[in-house]
Amino acid sequence: ERQEAELPPRISGKPFSPAVRQLKSRLRDKVRARAAELNVPPEILAPRRSLDALLRLNLGKADPRLPRELEGWRRQAIGEDLLREVAGQG
């Protein structure tokens, strides 16, 4: 059995504020548009759970980063655009 320190950090289940929900909506719009360009389902490109993880990981942080599930090919396909949006430059 793993010790608590070895486990990934727990993600709070608190609801998002209205401003964060608006940001999440913009992120989903970006994902849908990019998925259509790539001809892949949006949930394959960036699952909703990954967008939640992106927001929870970066809220209030100066240097946004992607959750692990948005790395690799997803970083190139959509991740950088999502990071710019989270940073307020999207």
Side-chain angles (χ1 to χ4, degrees):
E1 189 173 323
R2 291 181 176 238
Q3 298 298 320
E4 187 73 24
E6 295 176 34
L7 297 173
R10 291 179 191 261
I11 295 177
S12 166
K14 294 179 185 170
F16 289 126
S17 70
V20 175
R21 285 196 301 269
Q22 285 181 335
L23 172 58
K24 185 177 177 180
S25 180
R26 290 196 309 271
L27 294 176
R28 286 205 326 256
D29 289 345
K30 280 188 177 291
V31 169
R32 277 193 289 270
R34 185 68 177 133
E37 291 172 13
L38 296 173
N39 199 27
V40 298
E43 55 274 8
I44 297 296
L45 183 59
R48 189 170 293 202
R49 189 179 333 174
S50 298
L51 294 180
D52 286 348
L54 173 69
L55 290 170
R56 293 189 194 284
L57 187 63
N58 292 293
L59 288 180
K61 304 271 175 53
D63 187 22
R65 59 190 177 99
L66 289 174
R68 187 174 48 240
E69 59 267 27
L70 290 177
E71 289 289 352
W73 67 271
R74 288 180 174 97
R75 176 183 273 280
Q76 292 179 326
I78 191 70
E80 293 297 328
D81 289 338
L82 296 178
L83 283 176
R84 277 191 290 279
E85 188 71 35
V86 168
Q89 304 165 10

[X] side, atom [atom1]; [Y] side, atom [atom2] - distance, nearest 0.5 Å:
X   : Y   : atom1 : atom2 : answer
F16 : L59 : CZ    : CG    : 6.0 Å
K24 : L54 : NZ    : CG    : 10.5 Å
D52 : L57 : CG    : CG    : 12.0 Å
L45 : E43 : CG    : CD    : 10.0 Å
L82 : R75 : CG    : CZ    : 10.5 Å
L70 : L51 : CG    : CG    : 6.5 Å

Which heavy atom in [X] sits nearest to a heavy atom in [Y], and how many Å separate them?
X   : Y   : result
V31 : P42 : CG1-O, 3.7 Å
N58 : P64 : OD1-CA, 2.9 Å
R26 : E85 : NE-OE2, 2.7 Å
P41 : A35 : C-CB, 4.1 Å

What I want to find out is whether [X] reaches [Y] closely enough, with some N-O distance under 4.0 Å, to be called a salt bridge.
X   : Y   : value
R84 : D81 : yes
D29 : R32 : yes
R34 : E37 : yes

*Quick check: are there more than 12 heavy atoms from other residues, nucleotides or ligands sitting under 6.0 Å from CZ of R21?*
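Counting neighbours around CZ of R21, more than 12 heavy atoms of other residues, nucleotides or ligands fall under 6.0 Å, so yes.
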*Can you check whether I44's main-chain N or O pairs, donor with acceptor, with R74's side chain at less than 3.5 Å?*
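Yes, the answer is positive, given that a donor and an acceptor are paired below the 3.5 Å cut-off.
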_Assess the residue pair Q76 and E80 against the criterion (side chain to side chain contact (heavy atoms under 4.5 Å, CB included)); give the C-alpha distance rounded to whole Å, side-chain angles, the decisive distance to 0.1 Å, and a yes or no._
CA-CA 7 Å; Q76 292 179 326; E80 293 297 328; over 6 Å; no
*If we only count heavy atoms from C-beta on, is the I78 to L38 side-chain gap below 4.5 Å?*
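Counting from C-beta outward, I78 and L38 never come under 4.5 Å.
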